[in-house]
Amino acid sequence: MYDPTRLAALVAVAEAGSITRAAARLGYTAPALSQQLAKLEREAGAALLVRHHRGARLTAAGELLAGRARRVLDELDQARHELAQLAGLSGGRLRVGTFTTAGIHLLPPVLSAFRRAHPDVELAVTDYEPPEGVTAVAAGEVDLALTHAYEPAPAGPPPMGVVVEPLLVEELVLVTAVGHRLAEGTGRLPVAELAGRPLISSAPTHPPRRGVESALAEAGATPAVVCESPGYALVCALVSAGLGVAVVPEMVAAMSPTPLAVRRLDPAAFRRTISVAHRGDRATSAASTLLALMRSGFGRGAAAR
């Protein structure tokens with residue numbers, strides 16, 4: 001028996017021509033997707049991929065299995081659609097909240113799978129900066145919402161009637177300009193090495209980031225530029241231009257359009273947890289179906305990490 005998620009990973013690599021691009025499409029890191037593909041190769045008892053400097057191509061065995069996998073996945077999507085019709089998911093509206101990073105890198109493939117299975121459900125997506133998405137679920141503005149929380153930081157209880165369910169945990173990593181001295185070496189960089197270094201301080205007044213900013217200040221990192229934006233695109237651009245270093249989620253570092261060097265930190269206590277806020281047993285059928293897709297897609301990525 002082949003795991004459908006691993007089959008989907010193989011098909012994604014076949015279509016994208018690269019493990020990195022396929023991982024971005026599926027909401028994995030490249031190492032996590034490689035682990036899934038290695039497990040699939042063990043299940044198949046054959047090499048499925050050949051990696052090269054421009055990406056990856058499928059072997060003859062990989063092409064054979066990918067062709068079969070497409071048909072299997074299409075059948076599963078059709079089954080989900082037919083089951084949804086039986087459950088009353090042949091119409092209606094699903095309102096989804098997200099924040100920018102998840103909305104770009106994680107949510108689209110999940111919504112695409114939902115749309116294939118339930119084409120008659122109207123989808124509405126709203127961008128919220130955490131923790132506003134949780135408030136929107138509590139207020140009934142959306143059916144469920146992706147949100148995040150950082151460590152170190154105090155965590156407060158969710159509003160009454162709202163469940164905040166973790167889906168994926170990622171480390172915060174140091175990003176520098178390419179060629180920066182702190183980017184040298186392959187081991188983890190002690191946080192104490194940031195003492196006296198110019199730091200691009202990311203939205204220090206933003207509640208989710210306060211704990212991280214305080215910890216970096218205690219380590220002696222010196223704010224060089226205060227970037228009053230919860231988004232990371234500007235932060236990465238400033239770092240790439242050599243104006244300072246920054247600590248950002250690994251997903252942000254991997255997907256940055258500007259060139260960066262990345263280094264993991266020691267201790268590995270700086271983290272971001274991506275969660276989904278929903279109404280638990282009171283969730284609609286459409287929301288419960290999308291929630292199951294999120295658990296499958298995001299949860300496997302978190303386990304692989």
Go through the structure and list residues passing side chain to side chain contact (heavy atoms under 4.5 Å, CB included) with Thr59, not counting sequence neighbours. Val50, Ala61
If you look at every heavy atom in Leu199 and Ala246, which pair is closest and at what distance? CD1-CA, 4.0 Å
Side-chain heavy atoms of Leu194 within contact of Leu182, under 4.5 Å: yes
State, yes or no, whether a side-chain contact exists between Leu76 and Pro4 at a heavy-atom distance under 4.5 Å. yes
Between atom CG of Leu58 and atom CG of Leu65, what is the distance when rounded to the nearest 0.5 Å? 8.5 Å
Sub-4.5 Å side-chain heavy-atom contact between Asp3 and Leu40: no
Going from OH on Tyr150 to CD on Glu213, what distance comes out if it is rounded to the nearest 0.5 angstrom? 9.5 Å
Taking every non-hydrogen atom, the tightest pair across Leu10 and Gly62: CD2-O, 3.9 Å
Minimum heavy-atom separation for Ala16 to Arg25, with atom names? CB-NH2, 3.9 Å
Distance-only donor-acceptor check, side chains Ser112 and Arg116, under 3.5 Å: yes
State, to 0.1 Å, how close Ala23 and Leu33 come at their nearest heavy-atom pair, and which atoms those are. N-CD2, 3.5 Å
Please say yes or no: joined through hydrophobic side-chain contacts below 4.5 Å, possibly via intermediate residues, are Leu234 and Leu260 part of one cluster? yes
I'd like to know whether Arg295 forms a salt bridge (charged side-chain N to carboxylate O under 4.0 Å, His left out) with Glu165, so could you lay out the CA-CA distance, the side-chain angles of the two residues, the decisive distance to 0.1 Å, and finally the verdict. CA-CA 9 Å; Arg295 287 170 178 154; Glu165 178 180 333; 2.7 Å; yes
Any donor-acceptor pair under 3.5 Å from Ser214 side chain to Arg210 backbone: yes
Check whether any side-chain N or O of Ser296 sits under 3.5 Å from a backbone N or O of Ala292 as a donor-acceptor pair, and report yes or no. no
Test your reading of the model: is there a side-chain donor-acceptor pair from Arg93 to the backbone of Leu123, 3.5 Å cut-off? no
Between Thr100 and Asp127, which heavy-atom pair has the shortest distance, and what is it? N-OD1, 3.3 Å
Between Asp143 and Arg279, does at least one N-O distance fall below 4.0 Å, as a salt bridge requires? yes
So if you build clusters from Ile, Leu, Val, Met, Phe, Trp, Tyr with side-chain heavy-atom gaps below 4.5 Å, do Ile104 and Val175 land together? no
Taken to the nearest 0.5 Å, the spacing of Arg263 CZ from His180 NE2 works out to 11.5 Å
Does Ile274 reach the side chain of Phe99, with side-chain heavy atoms less than 4.5 Å apart? yes
So CG of Leu293 and NE2 of His118: to nearest 0.5 Å the spacing works out to 6.5 Å
Under the rule for ring pair (Phe, Tyr, Trp, His ring centres under 6.0 Å), what residues qualify as partners of His105, not counting sequence neighbours? none
Do we see a donor-acceptor contact under 3.5 Å between the side chains of Thr258 and Ser256? yes
Are Glu250 and Arg264 ion-paired here, with the side-chain N under 4.0 Å from a carboxylate O? yes
Run the side chain to side chain contact (heavy atoms under 4.5 Å, CB included) check on Ser201 and Val225 step by step: do they pass? CA-CA 6 Å; Ser201 186; Val225 178; over 6 Å; no
Just checking, any donor-acceptor pair under 3.5 angstrom between side chains of Thr5 and Gln36? no
Arg6 vs Glu43, salt bridge (charged side-chain N to carboxylate O under 4.0 Å, His left out): CA-CA, chis, key distance, verdict: CA-CA 10 Å; Arg6 293 172 194 156; Glu43 291 174 349; 2.5 Å; yes
Within the 4.5 Å heavy-atom criterion, are Met251 and Thr101 side-chain neighbours or not? yes
Minimum side-chain heavy-atom gap Phe114-Val121 below 4.5 Å: yes
Are the side chains of Leu167 and Leu146 in touch, meaning some heavy atoms are under 4.5 Å apart? yes
Do you know which of Glu171, Glu170, His148 makes side chain to side chain contact (heavy atoms under 4.5 Å, CB included) with Pro249? Glu170
Check against side chain to side chain contact (heavy atoms under 4.5 Å, CB included), Val96 and Val142: CA-CA 6 Å; Val96 183; Val142 292; over 6 Å; no
Leu243 side chain near Ile200 side chain, heavy-atom distance below 4.5 Å: yes
Quick check against the 3.5 Å criterion: does Thr147 have a side-chain atom that pairs as donor or acceptor with the backbone of Ser275? no
To the nearest 0.5 Å, tell me how far Arg197 CZ sits from Leu174 CG. 10.0 Å
I need the minimum non-hydrogen distance between Pro267 and Val191, along with the two atoms involved. CD-CG2, 4.0 Å
Are Val134 and Met294 joined in one hydrophobic group, where the rule is that I, L, V, M, F, W and Y side chains link up if heavy atoms are under 4.5 Å apart? no
Please determine whether residues Val276 and Val164 belong to a single hydrophobic cluster, defined as Ile, Leu, Val, Met, Phe, Trp and Tyr linked transitively by side-chain heavy-atom distances below 4.5 Å. no
Going only through I, L, V, M, F, W and Y residues with side-chain contacts under 4.5 Å, is there a path from Tyr232 to Val262? yes
With a 4.0 Å cut-off on N to O distance, would you call Glu151 and Arg272 a salt bridge? no
CZ/Arg57 to CG/Leu48 distance, rounded to the nearest 0.5 angstrom? 12.5 Å
